[in-house]
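Structure first, then comments.
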Amino acid sequence: MMRILKQLVKVGTITEPLGDANNDIEQVGEKLEPIIRKRFAGSLAIRAVDAGSCNGCELEIHAANNAYYDIERFGICFTASPRFADMLLVTGPVTRNMETALKMTFDAMPQPALVVAMGDCAANCGVFGRDNYAIAGAVSDIIPVDVIIHGCPPTPTDIIRGILTALES
Amino acid sequence: MKHLVNTWFAEQLSEHGMYTNYLADHHPKQMPCLEIRFIDWEKAAETARRLEMRLVAVWATEGGFHEQDEGTYVYMSFAHPEHRHALVRTLLGKTRREIPSISKHYIAASRMERHIQDMFGIEVTNTPDERRWIKHEHWPEYAYPLLRSFDRNTRMERAEGEYPFVQSDSEGVYEIPVGPVHAGIIEPGQFRFLAVGEQILNMEQRLGFVHKGIEKSMQGRTAEQGVRLAARVSGDSTVGHAWAFAQACEYAADIRVSKRTSYLRGVLCERERMVNHIGDIGAICNDAAFSFMHNQCLRLREDMARQHARLFGHRLMMDTITPGGVTIDLSQQESSELIDDTRQLAAEVEHLRTIYADNPSIQERVIGSGSVSISDARDIGLLGYAGRASGDYPDERIEEAYPPYDDLDVNVPQGKLGDVATRVWVRFEEISDSARMIIQLLENLPEGDIQTQWHAPEAGVSGFSAIEAWRGEIACWLRFGENGVIDRYFVRDPSVINWLGLELAVREVPVPDFPLNNKSFNCSYSGNDV
């Protein structure tokens, strides 16, 4: 136990102020009513769905949770159930085999739900391409999208900026 | 590197009365491709098994350029610790649409054969499992995406159907359905547990959810375009997949990369091994509520990602390897910066390791959980740390000793118990060995170009490569077509085989220990589903 405490003291607080985004963030959906924004403020539960990503985006979502970025300080947390989720964070081109699962997750969320399409694949099918029998389309072809975060993969700063854009703009 | 033609397997097959013929347009010669007669298909697998070779992969392809309109070929490849890789192929011809299963001899063949069945419509006979695999129940029956006659753009209508999971009607057995959308931030897949009380009786995986048609999508791309796609077969293993792809291209085109290039590739690949092992150790601890380790490991992982962004231009080191070279170079100063960084990182990990080893609550959870015996590991052909933890050590860095590993001694950690604790132990050992190799590579970084001029080979030439990525051996086979574009691509991520190890490991394990086991294997969904 002493060693754990010593290590914690040695490392100290490493959380940094949020930097500027490196990749483009696009606001595509309708703006939220200010009243709803106010209700979300300080607390936002996200359900992340990998609809076909290569796992690169997932690594960066994990990184957004590390002590440097500490996404939870903005009141943002990831939830296991779509029933409590305010936002759906979708990665990957939507594969044919994930299309139904994605729609069902979206339908299980209380409305209005925010949708963020994260990464070049989610935005436009990326390197896998639309001319592909296995791919149902970009996220916006399947469910309504509010914000698109570009990048392959987007950096943790981009992810947090994108999520805040969806909330604040 | 040894460049002799590997004749051992051909000799063995002919001793068993099988006629073989070396394919001239397959490279490299040290991993030859032998054409055999259709009737010898199963016998060849049986012989390989008796020779204690492990199965690397089974796949199919349609006739290309030299053999226009001749029909479909099926391939299998084996490896032996001393006698290395050998490929075998046979022609199905124009009309024959079936192949006998080899899963009686190699259990891991079963899923790969189901993949062939789904993608080509070739019937695998005498198979223990006839169910579809990648082709989910909502695909129409006629859809066989890897046939030339199937347009890549096809919009398939939705069919009805249900996947028949393994069931049990024994008293007291209940089912836990999981997925495809999992509780955490991870890739999708379905697990179906059959449990009695707390114990798992059987865990069945159902994958294919992130099938992105990569094999089809690769067709018609040049090697330079293709490597970007290959780098995204599995994003956490981007260096490994890009290297396997580039190496197969280079073998096919008979291009030797400079020593500097191979050293830099080695550095990238070993850094990828370190970063993923560090992340996974943290995640395993997190699944046992030891969040201190998780946060410390996430911190180290982030430090590495930032270093990679600074030196290699990308946090995950994507798109750093191209056919014939690498896109990044290190100055003297950057190189010594990376040496210091690696050394310091290894020291930090060692420090955390002592805390992990002395923590009874985590040790209680990992020791003895999810054991895989050495004989089971060999039967399945477990790769990478999963195989090493059980006492089987297939390692391409030693077996194939491709550059730069021909200049290095790889110390493969040798586990025995095959439980979660040993898989974690192997990973700790690999982190420190990778750090040692990175430092050795950087201290001896040869001068030279980082890019050899790429030129595509003639149409019909194929190449095969096997790279020890962080999860284990990645096998890649590809064939070039007209105008220097790739005509056929096949890749086997180590997860294709290691997923089976997880199914076996969690039998009789309490349900709450499943996440620990799952993370200790950490198989890729995307790499499996391609």
Side-chain angles (χ1 to χ4, degrees), chain A residues 1 3-8 11 14 22 46-69 78-82 89 91-93 95-102 104-105 121 125-136 152-153 155-156, chain B residues 134 136 138-139 143 145 150-156 179-188 208-214 216-217 228-229 231-238 279 283 292 295-296 298-299 301-303 305-306 309 315-316 318-319 351-352 354-355 358-359 524-527 529:
Chain A
M1 195 64 212
R3 268 191 291 179
I4 294 179
L5 291 173
K6 244 168 102 178
Q7 175 76 8
L8 291 175
V11 174
I14 55 173
N22 309 61
I46 302 179
R47 172 66 252 199
V49 171
D50 172 344
S53 110
C54 72
N55 204 25
C57 285
E58 279 61 41
L59 291 177
E60 293 298 52
I61 301 176
H62 280 292
N65 281 287
N66 74 31
Y68 286 102
Y69 303 102
F78 287 86
T79 172
S81 170
L89 180 64
T91 59
T95 63
R96 184 187 160 90
N97 288 349
M98 272 303 287
E99 188 183 354
T100 309
L102 177 65
M104 284 173 74
T105 310
C121 294
C125 302
V127 71
F128 302 104
R130 279 175 193 276
D131 57 340
N132 188 328
Y133 70 93
I135 298 201
C152 184
T155 64
Chain B
I134 297 297
H136 282 190
H138 52 77
W139 293 33
F150 185 94
D151 183 12
R152 74 169 61 184
N153 218 350
T154 307
R155 290 287 123 190
M156 301 177 284
V181 179
H182 289 304
I185 305 163
I186 53 169
E187 299 176 87
F209 288 91
V210 283
H211 172 65
K212 291 184 277 287
I214 291 175
K216 186 82 174 181
S217 186
R228 274 182 58 80
L229 182 60
R232 285 158 182 81
V233 168
S234 176
D236 49 27
S237 196
T238 176
F292 163 81
N295 284 307
Q296 294 294 326
L298 277 178
R299 172 178 65 86
R301 216 196 137 100
E302 178 65 22
D303 289 342
R306 289 177 178 198
R315 285 167 53 88
L316 306 177
M318 274 180 175
D319 305 323
H351 177 62
L352 291 176
T354 59
I355 296 176
D358 285 349
N359 191 294
S524 166
Y525 297 71
S526 186
D529 301 349

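In the text below, chain A, chain B and the rest are named by the order of the sequence lines, each starting its count at 1.
Residue contact with chain A, scored on non-hydrogen atoms closer than 4.5 Å, involves the backbone and the side chain of Lys212(B) alike. At a 4.5 Å heavy-atom cutoff, the contact between Thr354(B) and chain A is made by backbone and side-chain atoms alike. In this structure, chain B has no heavy atom under 4.5 Å from any part of Pro82(A). Interface residue Leu316(B): only side-chain heavy atoms are found under 4.5 Å from chain A. Only the side chain of Phe150(B) comes within contact range of chain A, with at least one heavy atom under 4.5 Å from a heavy atom of that chain. With a threshold of 4.5 angstrom between heavy atoms, Arg232(B) approaches chain A through its backbone and through its side chain. Proximity to chain A (any heavy atom under 4.5 Å) is shown, for Met156(B), by both the backbone and the side chain. Using a 4.5 Å cut-off between heavy atoms, Phe209(B) touches chain A through backbone and side chain atoms alike. Within the 4.5 angstrom heavy-atom criterion, atoms from both the backbone and the side chain of Arg152(B) approach chain A. Within the 4.5 angstrom heavy-atom criterion, only side-chain atoms of Arg315(B), from C-beta onward, approach chain A.
Under the 4.5 Å side-chain criterion, counting only non-hydrogen atoms from C-beta, Leu352(B) is in contact with Gln7(A). Residues Asn97(A) and His138(B) form a side-chain contact, since some pair of their non-hydrogen atoms from C-beta on lies under 4.5 Å apart. Here the side chains of Leu298(B) and Tyr68(A) are not in contact, with every heavy-atom distance at 4.5 Å or above. With contacts defined as side-chain heavy-atom distances shorter than 4.5 Å, the pair His182(B)/Asp50(A) does not qualify. Counting heavy atoms from C-beta outward, Cys152(A) and Arg228(B) have side chains that stay 4.5 Å or more apart.
Taking Val210(B), Val233(B), Asp529(B), Asp151(B) one by one and counting their heavy-atom pairs under 4.5 Å with chain A, the maximum is reached by Val210(B). Counting heavy-atom pairs under 4.5 Å between each of Asp358(B), Asn295(B), Thr238(B), Asn359(B) and chain A puts Asp358(B) at the top. Looking only at heavy-atom pairs under 4.5 Å with chain B, the residue among Arg96(A), Arg47(A), Glu60(A) that has the most is Arg96(A).
Between Ile185(B) and Ile61(A), the shortest heavy-atom contact is CD1-CG2, 3.7 Å.
A tilted orientation is assigned to the rings of His211(B) and Tyr133(A), their planes being inclined by 30° to 60°.
Between the CE atom in Met98(A) and the CD atom in Glu187(B) there is a gap of 10.5 Å [rounded to 0.5 Å]. Rounding to the nearest 0.5 Å places CG of Asp236(B) at 5.5 Å from CG of Leu59(A). Atom CZ of Phe128(A) sits about 4.5 Å away from atom CD1 of Ile214(B), to the nearest 0.5 Å.
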